[in-house]
Amino acid sequence: MIGAQPGRVSVLRAVFVPLDSASRNRGRVTRARAALAGQSLAQVAGRLGREVPTETRRAKGWAGALCELALGSTAGSRAVPDFQALGIELKTLPVNRMGKPLESTFVCTIPLLDVGDTEWHASRAFSKLRRVLWVPVLAERSIPIAERTFGAAFLWSPSSDEEQALRWDWEELAGLIGRGRQDEVTGHLGRFLQVRPKAANSRVRRRVRDEEGLEVLAPPRGFYLRPEFTAALVRRHLVLPQPDV
DNA sequence: TTGTGATCATCT
DNA sequence: AGATGATCACAA
């Protein structure tokens, strides 16, 4: 299938073919693929009786919400996994025609006041990342929202190497915030996991402790996975088109 | 108001 | 082009 038509790879197929054999697919993953893979956002929305937004600027997060609706997630905006009983977090991942992620992936907001006293395995970040159902979406900006297409979902849990790498970043970043040095924490830090602002706008503030342990105000922050990290996951789990030569 | 879903806009 | 910081919509 790969490169069956050189230069005109069937992107909608090749990008989204899962690597693991169909016989190993079970439960939620199988259903996710059956319900979504290869279908446009408009098709899925139509089946669910939802309108498709036309303005991308006002539709941030819409594909993710549509995906949750299609798969029956009920977590809403609570800080718990999307499928709580299964401990599975659902994330759409915008990719280009080569399957390369177009954006970083939001993981969770950071509880600034106590992240420094939290263990990795008790952290929001770990609880979100321990099991993720990734749903690629072919979502280049040039493609109208309605025509963007769901790919083959794949279930991922961090390998021990991956977990170690994420934990390393998390401990550095959480440690800095916990010690009151949040001003030093920018998006430049962290090899795979980074910290970026997460708020309605840049004037929003939250309580956080300074270096003396006193409460002061600082911008809300969230953990994000860099595209380099998610790109490796996609490469491992899906068959991608061959680059043009 | 805060957390969820993320992508946008700008600068390097 | 890619990454960082800013921003948009919605729900509880």
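In what follows, chains are A, B, ... by sequence order, proteins preceding strands, each numbered from 1. Values below: all heavy atoms of this structure, side chains included; hydrogens, waters and symmetry mates excluded.
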The ring-ring contact (aromatic ring centres under 6.0 Å, His included) partner of Phe229(A) among Tyr224(A), Trp134(A), Phe192(A) is Phe192(A)
Note: for Ser104(A) and Thr109(A) on DNA chain B, the residue whose nearest nucleotide lies more 5' is Thr109(A)
If you only use heavy atoms from C-beta on, which nucleotide in dA3(C), dC8(B), dA6(C) is closest to the side chain of Arg141(A)? dC8(B)
Within this structure, what is the CZ-to-C1' distance between Arg148(A) and dT7(B), rounded to whole angstrom? 9 Å
Provide, to the nearest angstrom, the distance between the CG atom belonging to Leu69(A) and the C1' atom belonging to dA6(B). 17 Å
Whole angstroms only, please: what is the CH2-P distance between Trp134(A) and dG5(B)? 11 Å
Same apolar cluster (I L V M F W Y, side chains within < 4.5 Å links), Ile88(A)/Phe106(A): no
Residue mapping more 5' on DNA chain C - nearest nucleotide basis, Lys100(A) or Thr186(A): Lys100(A)
When you measure from the side chain of Glu147(A) to the backbone N and O of Pro144(A), does any donor-acceptor pair fall under 3.5 Å? no
Among dG5(B), dT7(C), dT4(C), the nucleotide that comes nearest once only the side chain of Lys128(A) is considered: dG5(B)
In this structure, how many angstroms lie between the P atom of dA11(C) and the CH2 atom of Trp62(A), rounded? 14 Å
On DNA chain C, nearest-nucleotide positions of Ala199(A) versus Leu189(A): which is more 5'? Leu189(A)
Side-chain donor/acceptor contact of Tyr224(A) with base of dA3(C) under 3.5 Å: no
Report whether Phe223(A) and Leu176(A) are members of the same hydrophobic cluster (ILVMFWY, side-chain heavy atoms less than 4.5 Å apart, transitive linking). yes
Return the value, rounded to whole Å, for the distance between atom CZ of Arg226(A) and atom C1' of dT7(B). 17 Å
Categorize Gly187(A) for me: base, sugar-phosphate, or nothing, with a 4.0 angstrom heavy-atom threshold over every strand shown. sugar-phosphate
Write down the distance between CD (Glu103(A)) and C1' (dC8(B)), rounded to a whole number of angstrom. 8 Å
When you measure from the side chain of Arg58(A), which nucleotide among dG5(B), dT4(C), dA9(C) comes out closest? dA9(C)
His188(A) NE2 to dC11(B) P, in whole Å, measures 14 Å
Under 4.0 Å, counting only non-hydrogen atoms across every strand here, what does Arg124(A) touch: a base, just sugar-phosphate, or nothing? sugar-phosphate
Whether the side chain of Glu140(A) engages the backbone of Asn96(A) through a donor-acceptor N/O pair (distance < 3.5 Å, no angle test) should be reported. no
Rounded interatomic separation in angstrom, taking CD from Gln194(A) and C1' from dA3(C): 8 Å
I want to check one thing: is the phosphate of dT2(B), taken as OP1 and OP2, less than 4.0 Å away from some side-chain N or O of Arg206(A)? yes
Lys91(A) side chain N/O closer than 4.0 Å to the phosphate oxygens (OP1, OP2) of dG5(B)? yes
Could you check which of dG3(B), dT4(C), dT7(C) has an atom nearest any side-chain atom of Arg57(A)? dT7(C)
Students often get this wrong, so: under 4.0 angstrom with heavy atoms, is Pro94(A) touching a base, only sugar-phosphate, or nothing? sugar-phosphate
Give the nucleotide from the list dA6(B), dT7(C), dT4(C) with an atom nearest to the side chain of Phe106(A). dA6(B)
Joint hydrophobic cluster, Val185(A) plus Leu113(A), side-chain heavy atoms closer than 4.5 Å: no
Considering only heavy side-chain atoms of Glu89(A), the closest of dT7(C), dG5(B), dG5(C) is dG5(B)
Would you kindly check whether a donor in the side chain of Lys198(A) faces an acceptor in the base of dT4(B), or vice versa, at under 3.5 angstrom? yes
